[in-house]
Amino acid sequence: MASNKIAVAVIHGMGSQGKKTQGVDELSFSAGLYKRLKEHMGNQFFQRVGWREVFWADILQSRQEDFIKDNLAAKGARWMKTRRFVMHNLADAASYRRNKGDVRDQIYHRIHARVHQTIARLEEITDANTPLVILAHSLGGHIMSNYIYDMMKGDPEVAAGSDFQQLKTVAGFVTFGCNIPVFSFAYKPEDIHPIKYPGTNIPQSKRLHPWWVNMNDKDDALGMPLAGTSPGYQALAASGHLDDRWIDSGGALEFWNPASHNGYWTDRHFYRPTATILRNAMGIGPVT
């Protein structure tokens, strides 16, 4: 086991990320969080960190922009900022679903392919035994939960590759601005089951407890606790494996209103507990 390294996979949520394309080694949406963590924890620590983004916005963004341009702006529609919000946010959530047997439904699989690409790249820059921490914002939490679920169920599209690529070295899962409960109401509560801890191939000392931390701002309308989703989630929380936390998120113009949904990336109330999580995954204790 490589005790002096850690891998971090960061996935964004719904909405335009401001770029049409991005290479697997580039940073964009998580750059602010990376900078704050590096400053807070020190360069010496971050020399041991493999950090990569799961960027998937471009899969839907071009079509969304074309529709806005050709069918809304060109035809005199009003409230264009609101319409862009709806298109880039609600359309993302509506498009990401799995309809088994429908070969035309490719968005779910294309997004999961981006997850696999990032995980494989992290293995290349660290090694196959490195503890992995997943940071997932907003819809990204739902995406990663589904990906882990499919992996652990042996889905042939994702359950292949090394132990690292099969997420067996996952130390912990951090969701923030999480809206997984929104996608649960199509099922009876007793039929909604949370993912199980996937990191079966790392020592107990590298496994986080709780292994799933869910941080949300009370003013973030898209950020929700998970324990009340179903009896299964409640049991996960009661066992100490899931920790729902309320935090403040965002600057002076954000922390008190729904704009706090995008404020986590640079807020100390998020990056400081995240720093502790990363250090614990390396077995070196909290930062002071």
Side-chain angles (χ1 to χ4, degrees), residues 7-14 24 52-60 92-124 126 128-175 178-202 207-208 211-212 214 226 229-233 235-236 241-242:
V8 180
V10 193
I11 183 170
H12 66 76
M14 62 185 75
V24 70
R52 290 296 183 273
E53 295 182 346
V54 180
F55 183 87
W56 56 268
D58 58 306
I59 293 174
L60 291 163
D92 281 357
S95 299
Y96 175 74
R97 78 276 188 270
R98 184 173 190 176
N99 292 330
K100 292 184 178 180
D102 187 348
V103 297
R104 299 168 299 174
D105 182 18
Q106 296 296 319
I107 299 301
Y108 183 96
H109 305 290
R110 289 178 65 189
I111 291 175
H112 282 203
R114 294 289 178 86
V115 176
H116 175 78
Q117 180 186 36
T118 299
I119 300 298
R121 179 57 178 151
L122 277 169
E123 183 179 22
E124 290 177 357
T126 56
N129 295 314
T130 305
L132 171 64
V133 175
I134 298 169
L135 308 179
H137 180 234
S138 187
L139 181 62
H142 182 51
I143 292 169
M144 288 309 307
S145 177
N146 285 341
Y147 187 87
I148 294 169
Y149 182 86
D150 291 350
M151 179 76 70
M152 299 187 75
K153 285 291 185 179
D155 188 319
E157 289 196 0
V158 294
S162 66
D163 286 351
F164 186 93
Q165 292 179 29
Q166 293 182 48
L167 306 182
K168 292 181 180 180
T169 71
V170 166
F173 185 31
V174 179
T175 48
C178 177
N179 37 61
I180 286 176
V182 169
F183 303 93
S184 69
F185 292 98
Y187 307 96
K188 295 179 180 179
E190 59 269 24
D191 294 329
I192 301 168
H193 304 289
I195 55 174
K196 296 179 180 179
Y197 176 64
T200 57
N201 280 25
I202 60 173
R207 301 180 187 184
L208 297 174
W211 63 265
W212 189 342
N214 180 45
L226 291 169
T229 305
S230 72
Y233 275 95
L236 192 67
H241 295 296
L242 167 65

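The figures that follow rest on heavy atoms only: side chains count, while hydrogens, waters and symmetry mates do not. Since this is a predicted model, take the numbers as computed values, not measurements. Each residue takes its place number in the sequence, starting with 1.
- Shown here are the side-chain hydrogen bond (donor to acceptor under 3.5 Å, both in side chains) partners of Q166, two or more places apart in sequence or in another chain: there are none.
- Residues passing the side-chain contact (heavy atoms from CB on, under 4.5 Å) test with K188, sequence neighbours excluded: E190, D191.
- Take Y96 and apply the ring-ring contact (aromatic ring centres under 6.0 Å, His included) test, not counting sequence neighbours, and it matches Y108, H112, H142.
- For the side-chain contact (heavy atoms from CB on, under 4.5 Å) test, residues two or more places apart in sequence or in another chain that qualify with S230 are I192, Y233.
- H116 pairs by the ring-ring contact (aromatic ring centres under 6.0 Å, His included) definition with nothing, not counting sequence neighbours.
- Taking F164 as the reference, nothing meets the ring-ring contact (aromatic ring centres under 6.0 Å, His included) condition, with sequence neighbours excluded.
- Judged by distance alone, with hydrogens and angles left aside, the side-chain atoms of R114 form no donor-acceptor pair with the main-chain N or O of V54 at under 3.5 Å.
- Applying the salt bridge (charged side-chain N to carboxylate O under 4.0 Å, His left out) test to R207 and every residue at least two apart in sequence or in another chain returns nothing.
- W212 meets the side-chain hydrogen bond (donor to acceptor under 3.5 Å, both in side chains) test with T175; sequence neighbours excluded.
- For the atom pair CZ (R52) and OG1 (T118), the distance works out to 9.5 Å, reported to the nearest 0.5 Å.
- Of all heavy-atom pairs spanning I148 and K196, the tightest one is CG2-O, 4.4 Å.
- The two residues T169 and T130 make their nearest non-hydrogen contact at OG1-O, 2.9 Å.
- Annotation: side chain of L226 is in contact with side chain of C178 (closest heavy-atom distance under 4.5 Å).
- Of all heavy-atom pairs between I195 and S145, the closest is CG2-O, 3.2 Å.
- Between M14 atom CE and L139 atom CG the span is 5.0 Å, to the nearest 0.5 Å.
- You'll find the side chain of N214 stays beyond 4.5 Å of the side chain of I180, heavy atoms only.
- Partners of E124 according to the side-chain contact (heavy atoms from CB on, under 4.5 Å) rule, which considers only residues two or more places apart in sequence or in another chain, are R121.
- Other residues, nucleotides and ligands contribute more than 12 heavy atoms inside 6.0 Å of the CZ atom of F183.
- Closest heavy-atom contact between I202 and A171: CD1-CA, 3.7 Å.
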**Message:** For a side-chain contact (heavy atoms from CB on, under 4.5 Å) check, start with the C-alpha distance between F173 and M144, then their side-chain angles and the critical distance, and finish with the verdict.
**Reply:** CA-CA 9 Å; F173 185 31; M144 288 309 307; 3.8 Å; yes
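- Here CD1 of I111 is found 4.5 Å from CD1 of I143. Values are rounded to the nearest 0.5 Å.
- Heavy atoms only, all atoms of each residue included: A9 and L132 are closest at N-CD1, 4.0 Å.
- For D155, the salt bridge (charged side-chain N to carboxylate O under 4.0 Å, His left out) test picks out R98, with sequence neighbours left out.
- Residues meeting the side-chain hydrogen bond (donor to acceptor under 3.5 Å, both in side chains) test with T200, sequence neighbours left out: none.
- For the side-chain contact (heavy atoms from CB on, under 4.5 Å) test, no residue two or more places apart in sequence or in another chain qualifies with H193.
- A donor-acceptor pair under 3.5 Å is absent between the side-chain atoms of W211 and the main chain of P198, judged by distance alone.
- For the pair E123 and Q165, the tightest heavy-atom approach, listed with the atom from each and the gap, is OE1-NE2, 2.7 Å.
- Counting only distance, with no hydrogens or angles, the side chain of H12 and the backbone of W56 share a donor-acceptor pair below 3.5 Å.
- Of the inter-residue distances, the one linking I134 atom CD1 with I11 atom CD1 reads 9.0 Å to the nearest 0.5 angstrom.
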